[in-house]
Amino acid sequence: MAKKAPAKETKKAGHYDASDITVLEGLEAVRRRPGMYIGTTGIDGLHHLVWEIFDNSRDEAMGGFCDDIEVAILPGNRIRVTDNGRGIPVDIHPKTKVSALETILTVLHAGGKFGGEGYKVSGGLHGVGASVVNALSTYMRAEVHRDGGKYVQEYKNGGKPVAQVKKVGPSDRTGTIITFDADPSIFSVIEYHFQTIINHLRQQAYLVKDLRITIIDMRDLSGRDIDKLDEKDTFWMRDLGIDAPSMTFYFEGGLRSLVGFQNRHQTPLHKTIFYVEKDFIPTGGSEKDSVQVEIALQYVDDITARISAFANNIYNPEGGTHITGFKTALTRTLNTAAKGSGSAKGGSSSGGKDSDNFTGDDVLEGLTAVVSIKMREIQFEGQTKGKLGSVEALSATQTVFSEAFAAFLEEHPDEAREIIGKAALAMKARKAAKAAKDSILRKGALDGMTLPGKLADCQTKSAEESELFIVEGDSAGGSAKMGRDRRTQAILPLRGKILNIERARLDKMLASEQIKNLVVAMGTAIGDIFDLSKLRYHKIIIATDADVDGAHIRTLLLTLFYRHFRPVIDGGYVYIAQPPLYKIKKGKEVFYAYTDEQRIEYVGEDMPAVSDEALAESDEMETEEEAASAKAPVRQAKISVQRYKGLGEMNPEELSETTMNPSNRVLKQVTIDDAQDADRIFDMLMGTDVPARKSFITSHAKEATLDI
Ligand code: 0RA
């Protein structure tokens, strides 16, 4: 555990005792597992060392005690960080015999927390402090200017003090200089990237307004410049007059400047950048619970959102509670403002309906914003601190931003008009995009949402129970609709000639309204997005007429299934209905014959089928008895035989009784072999060999009917 040296009474006499051993063990732990403290021992970890030392100076600046920091990369990749703060206290605590300086540089986590009141925000950037840097350095030197003196203490070999801090001369300024050499036995490479340091320090300069930050790369000195380099004799390296690459950042506007910088290549929609900086004290809390909220934003004329989040000057790429609070407040405030301004949302509506409200996404289009909060006892989610977790930051950000942004919109009518107009445009675009998407879906060739109007669907939603009858012709369709069990049976009539079968190719078939209706009714979609689990009927029953046209249609449907919906066949979901060929009446008894053999069985060889006309008349009779008596004089026997040429000739009751009712009907389950045959036949029918086609049709017409 880290010890708080000044608070403990462990020193007696001399410089080393048990507590120092604890300290050395602490630093040794850092050396054993550096990754736990700085993430990696690669190039990122190396740069972390710079950020750690810099953070201490920056915290001094945030406390208002420092306005100038210089980071120098010296020859040999030595880092030197100078600030003009108060200087780390160097007086030896009479009881501990250890200076604040030595504590900060040798005790884990002692950095920013030391001195309590001096810091508003405790903890360095990565919360581990300067002692970690010391532990991972072969050499460290601390130089402090305060109380009229210049004090120095050096450390070697991973943080071991060479001696106590010593006054080496007078000084008329205040400040701290930390110099260190990263340990090459720890880091895989020791070569700082000037640009990486520039980028990080530029960002930090935006976050701490009125702080001047200078970066100097003095690694490549030559001739006279090398002679001038005396790092121990100067306060600011920049004062040596050495010609070295350097940059200085200073942003009066803080986050406001950062937003301007981020928008430098954009076209802003309004001139004034919104800015707020305020301390939020939660109800019932005190000063120490306060959350400092700082936000700047400006809209530009593109559609992406650029929101940067910081907590205690740590960048949070994944946002967190402060961003949640900000977005909520942004959406609400803009909706309220838009309602107040009436015509803002295109003048069509006075608002009130949810659909007229901006969504969270609407108000983000074209937004550049930086949200930065500072608070004590901060909590992050995950190891990398990529996301702020502190819940207090949510209401703090929401409250501070809501108030300030509403006031801004009121005081800046031009900016308000532009911003609300921008969100309104985004809302319009969103609605238009949705409408377009919806209409594409509606128009989509196989959109399962829109069942064809021709389909008389069943009531049940259970696919296992559901049956789809594909019937040939509208008149059969009408009878089937009347004769069905509407709970479980759906009817899809196909028009008599569904296609010019001789010309149609399969891909063209899919473009046909008739086939499309079937595919939509099935629900599975087709091609890449085919999904058997979406099949809406577990029995798909092809009920075509017992003639050549019927055979054609059946062949075509089976080929369609075979080529495009094979799993539907494999699953055993496709059937062929077998309507009867004859209706036979013997007195009051009615038989249906599904084959000629059956007919002969019922009425004998010599009994011819009656004329269609006679029976057609009899169908119009009111009762069976009347019909029978009407025929009696013609037949002389009370036996009549009717041959059905098509399903359309059956009345609803007959169709129901013979073909649809599960307890009477005969269904043939289609096998993959059947479908394959159909596919072959289809090819032949489609073939260019016209004579072969003709001969097949005539010789197989009967078979095509009866073979099923
Ligand atoms: C503790 C107390 C005081 C200043 C500092 C630490 C301090 C630390 C660092 C680290 C880098 N630069 C720094 N500058 C100051 C305040 C002591 C007082 O009241 O004067």
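FYI, the numbering just counts along the sequence from 1. First listed ligand is number 1; within each ligand, the first listed atom is number 1.
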From P89, G129, A100 - option closest to atom 1 (C) of ligand 1 by heavy atom: P89

Please tell me whether F274 and F401 form a close aromatic pair, meaning their ring centres lie under 6.0 Å apart. yes

Output all residues satisfying side chain to side chain donor-acceptor pair (under 3.5 Å) with R78, sequence neighbours left out; order by chain, then residue number. D181, E231

Distance filter under 4.0 Å to T176 heavy atoms, resulting ligand 1 atoms: 12 (N), 13 (C), 14 (N)

Going by the rule ring pair (Phe, Tyr, Trp, His ring centres under 6.0 Å), which residues pair with Y151 if we only count those two or more places apart in sequence or in a different chain? none

Location of contacts on D83 toward ligand 1, heavy atoms closer than 4.0 Å: side chain

Under 4.0 Å between a side-chain nitrogen and a carboxylate oxygen: does that hold for R141 and E143? yes

